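Report on one structure; see the data block that follows.
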Amino acid sequence: MISFDEALQRIHNLAQPLPYEEVSFETSANRVLADNLTSRSDAPSQDVSAMDGYGVRDSDLTNLPVRLPILAQSFAGSPPPPQFTQTGCVRIFTGAPVPAGIDRVIIQENVERDGDIAIIKSPVSESRNIRKKGSDFKAGDTLLKAGTHLSWRAMTTAAAADRESVKVIRTPKAVILATGDELKPPGQAHLHPGAIPESVSFGISAYIKANGGDVIRSESLNDSPQLLEKAAASAIHDADIVIVTGGASVGEKDYAKAMFENHGMELIFSKVAIKPGKPVWCAKVKNTIILGLPGNPTSALVTARLFLKPLLLGLAGRDNKAGSAPRQMETSMPIPQNGNRENFMRGYIKDEKVCLFTNQDSSAQSVLARADILIRRLPNAPEVQVGEKVIIYDF
Ligand SMILES: Nc1nc2c(c(=O)[nH]1)N[C@H]1C(S)=C(S)[C@@H](COP(=O)(O)OP(=O)(O)OC[C@H]3O[C@@H](n4cnc5c(N)ncnc54)[C@H](O)[C@@H]3O)O[C@H]1N2
Ligand code: MOO
């Protein structure tokens, strides 16, 4: 059995970016750039006004107050008015082209009007209120580097590059196989004696989508070796990552690993010294990664957070550790001495302090909705008193 750190290291090595594809720009949000994104044009593409007001020549402002005839208008999106060579001003708006010859824009709050005459009384401010051509970026500049995650902020930068398509890393395709004779779809379990609602795949599916993956199929399968082998074969064929739940332990119907064995499975690890989730396992078949999560719902979700998240991020070309770095926070509850397996206890934050759930059972489902942190307890860590700091991960 390997340690958590060793298992995570193997996961990081395994999760290399998938090949790229070219997609239309509109569909590229949350993807990762496979190539540098360069701008097509200067931004701004010409000198533009930063304010609504009046464009003037400095040579007309030597004696204030001054009355300047309005000789032209300039709106955002319109062609620039001709060059200014005589005394006068241009009525101009934010984002509108500044005609040649105009030195500054005076905001309209500081200008009085008398019909078609603009009257400038007060001394002009230091700011010229003109955004120069190319002052944000120039044509050919690299706006975003290969490997950038197209977050909502990056999407605005990317759109400004004026490209209709971009090269991005392919979205990881996931297949979920939930195994167990006892499992029935939610809404049907009560109709079958001994059945329970299949709950884990729903959480895992939502988690995959939230972490940049595409769930192409989610199946609930009985513990029949033939059925499982068939499902395994098509999952390997169709998916970049297969998540198998249940059957990971030593029970007589625990077939999760066996169902892949005919396909030349290379085991990355089997069992990690953690609690919950000790039976978690990971393998590779050709180019497909298989992650086997224990069937107990809390164990499944904790191991998904610890191992599935970095796998998905890595396959999608993202930083494996994005948003995952541990933090330290004071606990408002005492925590008992830990056993010899590293323990990821479920808790929540209240008033900036760590609280633990009383129910730390690996089969628990009732607390999952409210458990938004994992408290990492190292092997044999001593008891923690109220007010001491503990290591937490977002869950
Ligand atoms: N003799 C031993 N027994 C067990 C060991 C062990 O080392 N020796 N390990 C225990 C640990 S730790 C865990 S965790 C579980 C994991 O077992 P499996 O992955 O084989 O899971 P199952 O036996 O299939 O199921 C466990 C439990 O979870 C329920 N389940 C399964 N799948 C789902 C699902 N998709 N949705 C909701 N609930 C699910 C299932 O009904 C069982 O109650 O093994 C211990 N045993
Ligand atoms: O690892 Mo199991 O999740 O302890 O019950």
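Keep in mind the model is a prediction, meaning the values are calculated, not measured.
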Examine distances only and state if a side-chain atom of Asn36 and a backbone atom of Ala146 form a donor-acceptor pair shorter than 3.5 Å. yes
For a quick check under 3.5 Å, do Asn380 and Gln337 share a side-chain donor-acceptor pair by atom type? no
Quick check against the 3.5 Å criterion: does Arg377 have a side-chain atom that pairs as donor or acceptor with the backbone of Pro336? yes
Just checking Phe395 against Phe344, ring centres under 6.0 Å apart? no
Ignoring hydrogens and geometry, is there a side-chain-to-backbone donor-acceptor pair from Thr179 to Leu221 under 3.5 Å? no
State plainly whether the residues Lys138 and Asp141 are in salt-bridge range, i.e. N to O under 4.0 Å. no
Does Val98 share a hydrophobic cluster with Ile70, counting links as ILVMFWY side-chain heavy atoms below 4.5 Å and allowing steps through other members? no
Stepwise side chain to side chain contact (heavy atoms under 4.5 Å, CB included) test for Ile92 and Tyr54: CA-CA 5 Å; Ile92 195 164; Tyr54 296 83; 5.8 Å; no
Just by modelled atom types, is the Arg341 backbone N or O under 3.5 Å from a matching donor or acceptor in the Asn338 side chain? yes
Taking NZ, NE, NH1 and NH2 as the nitrogens, is one of them in Asp394 or Arg327 under 4.0 Å from a carboxylate oxygen of the other? yes
When you measure from the side chain of Thr94 to the backbone N and O of Asp52, does any donor-acceptor pair fall under 3.5 Å? yes
Check for a donor-acceptor pair, side chain of Glu198 on one end and backbone N or O of Val200 on the other, with a separation under 3.5 Å. yes
In Å, rounded to the nearest 0.5 Å, how long is the span from CG of Asn110 to OG of Ser122? 4.5 Å
Determine yes or no for a side-chain-to-main-chain donor-acceptor pair under 3.5 angstrom, with Ser39 supplying the side chain and Gly140 the backbone. yes
Arg10, CZ atom: more than 12 neighbouring heavy atoms under 6.0 Å: yes
Arg31 and Thr171: side-chain donor and acceptor closer than 3.5 Å? yes
Check this for me: does any side-chain nitrogen of one of Lys132 and Asp47 sit under 4.0 Å from a carboxylate oxygen of the other? yes
The reported gap from CG in Asn129 to CD1 in Ile102 (rounded to nearest 0.5 angstrom) is 13.0 Å
Flag yes if more than 12 heavy atoms outside His237 fall under 6.0 Å of its NE2 atom; otherwise flag no. no
Does the side chain to side chain contact (heavy atoms under 4.5 Å, CB included) test come out yes or no for Cys355 and Ile349, once each step is laid out? CA-CA 6 Å; Cys355 305; Ile349 295 173; over 6 Å; no
Are the charged groups of Asp223 and Lys253 less than 4.0 angstrom apart, N to O? no
Can a donor-acceptor pair be found, under 3.5 Å and without considering hydrogens, that links the side chain of Thr331 to the backbone of Met333? yes
Does the pair Arg40/Glu164 count as a salt bridge with the N-to-O cut at 4.0 Å? yes
Please check if atom CG in Asp116 has more than 12 non-hydrogen atoms from other residues, nucleotides or ligands closer than 6.0 Å. no
I'd like to know if Asp238 and Arg217 make a salt bridge, using a cut-off of under 4.0 Å between side-chain N and carboxylate O. yes
The single option from Ile289, Ile169, Asn320 passing side chain to side chain contact (heavy atoms under 4.5 Å, CB included) against Leu315: Ile289
Compare all side-chain heavy atoms of Ile120 with those of Leu64 and state whether any distance is below 4.5 angstrom. yes
Side-chain donor-acceptor pairs under 3.5 Å in residues 266-284, sequence neighbours left out?
from   : atom 1 : to     : atom 2 : distance (Å)
Ser270 : OG     : Lys257 : NZ     : 3.0

Consider side chain to side chain contact (heavy atoms under 4.5 Å, CB included). Of Val175, Leu177, Ile208, which one does Ile243 pass it with? Ile208
Among all residues two or more places apart in sequence or in another chain, which pass the side-chain contact (heavy atoms from CB on, under 4.5 Å) test with Pro326? Ile391, Tyr393
Within 6.0 angstrom of Glu352 CD, more than 12 heavy atoms from elsewhere: no
Taking atom types as modelled, find out whether Ser3 and Glu342 have a side-chain donor-acceptor pair closer than 3.5 angstrom. no
Between Asn222 and Ser224, does any side-chain donor sit less than 3.5 Å from a side-chain acceptor? no
Quick one: side chains of residues 153-160, donor-acceptor pairs under 3.5 Å with protein atoms, not counting sequence neighbours, listed by atom name and distance.
none

Over 12 foreign heavy atoms within 6.0 Å of CG, Asp114: yes
Is the OH atom of Tyr20 crowded by more than 12 outside heavy atoms at less than 6.0 Å? no
With a 3.5 Å distance limit and no angle check, can you tell me whether Ser45 reaches the backbone of Asp42 through a side-chain donor-acceptor pair? no
Can you tell whether the side chains of Arg104 and Asp60 come within less than 4.0 Å, N to carboxylate O? no
Determine, stepwise, if the pair Val302 / Leu374 fulfils side chain to side chain contact (heavy atoms under 4.5 Å, CB included). CA-CA 8 Å; Val302 169; Leu374 295 177; 3.9 Å; yes
Any donor-acceptor N/O pair, Gln360 side chain to Arg346 backbone, under 3.5 Å: yes
